[in-house]
Protein chains: 2
Amino acid sequence: MLKQENSDKSFLDCPVAGIQDIIKGKWTTVILYFLSQSTLRFGELNRKMPMVTQAYLTKELRILENYGLIHREVYPQVPPKVEYSLTAMGKKFIPVLDALEKFAIEYEQDNQK
Amino acid sequence: MLKQENSDKSFLDCPVAGIQDIIKGKWTTVILYFLSQSTLRFGELNRKMPMVTQAYLTKELRILENYGLIHREVYPQVPPKVEYSLTAMGKKFIPVLDALEKFAIEYEQDNQK
DNA sequence: CAGGATCCGCCGCGATACTG
DNA sequence: CAGTATCGCGGCGGATCCTG
């Protein structure tokens with residue numbers, strides 16, 4: 001269930017063009033980062049990023065779910081419990097996160113002198 | 001010249017939080033990808049991504065320049081000539097591009113069956 | 001507890017026209 | 001050729017209230 005065709009970059013001679021949409025969300029990489037460390041309940045995840053609203057966090061989670069990167073497991077009980085984890089495809093994104101992390105550290109070091 | 005403080009993610013226990021702003025632009029990764037292959041004039045770059053407006057391409061280039069990832073070399077001549085290339089910091093972003101490329105290929109393969 | 005439903009300001013992104 | 005200058009729309013991102 002892809003969100004196809006934003007401005008047809010498909011014919012672009014650039015492999016990364018197609019996935020820009022995935023990572024452009026304001027908190028996508030952060031969410032994926034936390035979920036790469038451990039499966040988390042909604043509340044736990046939200047507590048790790050308190051500046052994000054419930055509503056918006058839900059939205060981004062749905063988007064990532066539609067992209068097939070995260071899995072949403074609902075436990076039918078009271079009170080409700082929902083756990084988020086990376087799918088197989090989501091785990092393939094981890095190298096990107098690692099590279100990003102490495103770059104981020106170098107970037108911030110270089111930038112505070 | 002960082003664009004500080006959008007919603008203070010700095011205290012977030014996540015290394016990648018700080019650079020989400022850099023990669024959130026609609027064409028950032030594509031621009032960096034092309035420039036990682038070779039130094040390019042404005043027109044050349046624009047021809048490689050024709051669906052992007054001159055105006056907007058200029059904007060994103062300025063942003064990446066302000067972030068210190070690309071270098072803008074102006075040749076004072078008529079007609080004018082401007083070349084864009086990666087800075088040292090920009091080159092440190094290449095591993096991210098490589099990881100993204102790898103992921104993109106796997107992602108798109110998996111998604112058309 | 002984990003969301004769904006609304007409402008809304010702002011700016012990302014684009015189209016178009018004009019310059020040195 | 002490589003930009004600036006305007007103008008405008010749509011939707012991202014957020015606040016706030018309500019539910020099973």
Side-chain angles (χ1 to χ4, degrees), chain A residues 3-9 12 17-32 34-35 39-67 70-85, chain B residues 3-9 12 17 19-31 34-35 39-67 70-85:
Chain A
K3 192 199 286 181
Q4 286 289 24
E5 183 92 28
N6 25 6
S7 348
D8 208 6
K9 353 183 157 177
L12 249 187
I19 58 169
Q20 179 81 41
D21 288 345
I22 301 181
I23 60 175
K24 78 174 181 195
K26 193 170 184 182
W27 300 99
T28 25
T29 57
V30 181
I31 293 173
L32 291 174
F34 284 133
L35 291 183
T39 295
L40 288 174
R41 298 186 56 170
F42 182 84
E44 294 173 329
L45 182 57
N46 204 162
R47 237 166 286 128
K48 282 178 181 290
M49 29 204 301
M51 69 290 290
V52 188
T53 339
Q54 276 188 18
Y56 191 63
L57 181 55
T58 303
K59 271 191 203 171
E60 292 236 314
L61 286 169
R62 289 289 180 285
I63 293 174
L64 289 174
E65 191 190 359
N66 287 333
Y67 278 131
I70 64 178
H71 172 65
R72 180 169 179 264
E73 182 76 26
V74 183
Y75 297 86
Q77 60 183 44
V78 182
K81 173 181 171 184
V82 180
E83 279 187 350
Y84 291 93
S85 57
Chain B
K3 192 198 286 182
Q4 285 290 24
E5 182 94 28
N6 24 5
S7 337
D8 208 6
K9 353 182 158 178
L12 249 187
I19 59 168
Q20 179 81 41
D21 288 346
I22 301 181
I23 59 174
K24 77 175 182 196
K26 191 171 183 181
W27 301 99
T28 26
T29 57
V30 181
I31 293 173
F34 283 134
L35 291 184
T39 296
L40 289 175
R41 298 186 55 169
F42 181 86
E44 294 173 328
L45 183 56
N46 204 163
R47 237 168 286 126
K48 283 178 182 288
M49 28 203 303
M51 68 291 292
V52 188
T53 339
Q54 274 188 18
Y56 192 62
L57 181 55
T58 303
K59 269 191 203 171
E60 292 236 315
L61 286 169
R62 289 288 180 284
I63 293 174
L64 288 174
E65 191 190 359
N66 287 333
Y67 278 131
I70 64 177
H71 172 66
R72 180 168 178 264
E73 183 76 27
V74 183
Y75 298 85
Q77 59 184 44
V78 182
K81 172 180 171 183
V82 180
E83 280 187 349
Y84 292 92
S85 57

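All chains are named by letter (A, B, ...) in the order of the sequence lines, taking the proteins before the strands, and each is independently numbered beginning at 1.
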Any side-chain heavy-atom pair from [X] and [Y] closer than 4.5 angstrom?
X       : Y       : answer
B/Leu61 : B/Phe42 : yes
B/Tyr84 : B/His71 : no
A/Ile22 : A/Thr28 : no
B/Trp27 : A/Leu12 : yes

Side chain of [X]: nearest nucleotide among [options]?
X       : options               : value
B/Tyr56 : D/dG3, C/dG12, D/dG14 : C/dG12
A/Glu60 : D/dA2, D/dG13, C/dT16 : D/dG13
A/Arg62 : C/dG4, D/dA15, C/dT16 : C/dG4
A/Arg41 : C/dA2, C/dA15, D/dC1  : C/dA2
A/Lys26 : D/dG3, D/dG13, C/dG3  : D/dG13
A/Pro80 : C/dC1, C/dG3, D/dA2   : C/dC1

For DNA chain D, whose closest nucleotide is more 5', that of A/Gln54 or that of A/Gly25?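 So the residue in question is A/Gly25.
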Presence of [X] side-chain N/O under 4.0 Å of [N] phosphate oxygens OP1/OP2:
X       : N      : answer
A/Thr58 : C/dG3  : no
A/Trp27 : D/dC12 : no
A/Arg72 : C/dA2  : no

Pick base, sugar-phosphate or nothing for A/Tyr84, based on heavy-atom distances below 4.0 Å to the nucleic acid.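 Sugar-phosphate contact only - A/Tyr84 comes under 4.0 Å of backbone atoms but never of a base.
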d([atom1], [X]; [atom2], [N]) in whole Å:
X       : N      : atom1 : atom2 : value
B/Leu40 : D/dA2  : CG    : P     : 11 Å
A/Ile23 : D/dC12 : CD1   : P     : 16 Å
B/Asn46 : D/dC1  : CG    : C1'   : 11 Å
B/Leu57 : C/dG12 : CG    : P     : 16 Å
B/Leu61 : D/dC1  : CG    : C1'   : 14 Å
A/Tyr75 : C/dG3  : OH    : P     : 13 Å
B/Gln77 : C/dG20 : CD    : P     : 19 Å
B/Ile63 : D/dG3  : CD1   : C1'   : 16 Å

DNA chain C: 5'-proximal contact among A/Pro79 and A/Ala55 (nearest heavy atom):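 Nearest-nucleotide comparison on DNA chain C picks A/Pro79.
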In terms of the nearest nucleotide of DNA chain C, which residue is placed more toward the 5' end: A/Lys59 or A/Val82?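 Mapping each residue to its closest nucleotide by heavy atoms, the 5'-most match is A/Val82.
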Is the closest side-chain donor-acceptor distance between B/Thr39 and B/Glu83 under 3.5 Å?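 The answer is no; no qualifying pair exists.
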Can you see which heavy atom on A/Val30 is nearest to which on B/Gln20, and at what distance?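 Closest pair (atom of A/Val30, atom of B/Gln20, distance): N-OE1, 4.4 Å.
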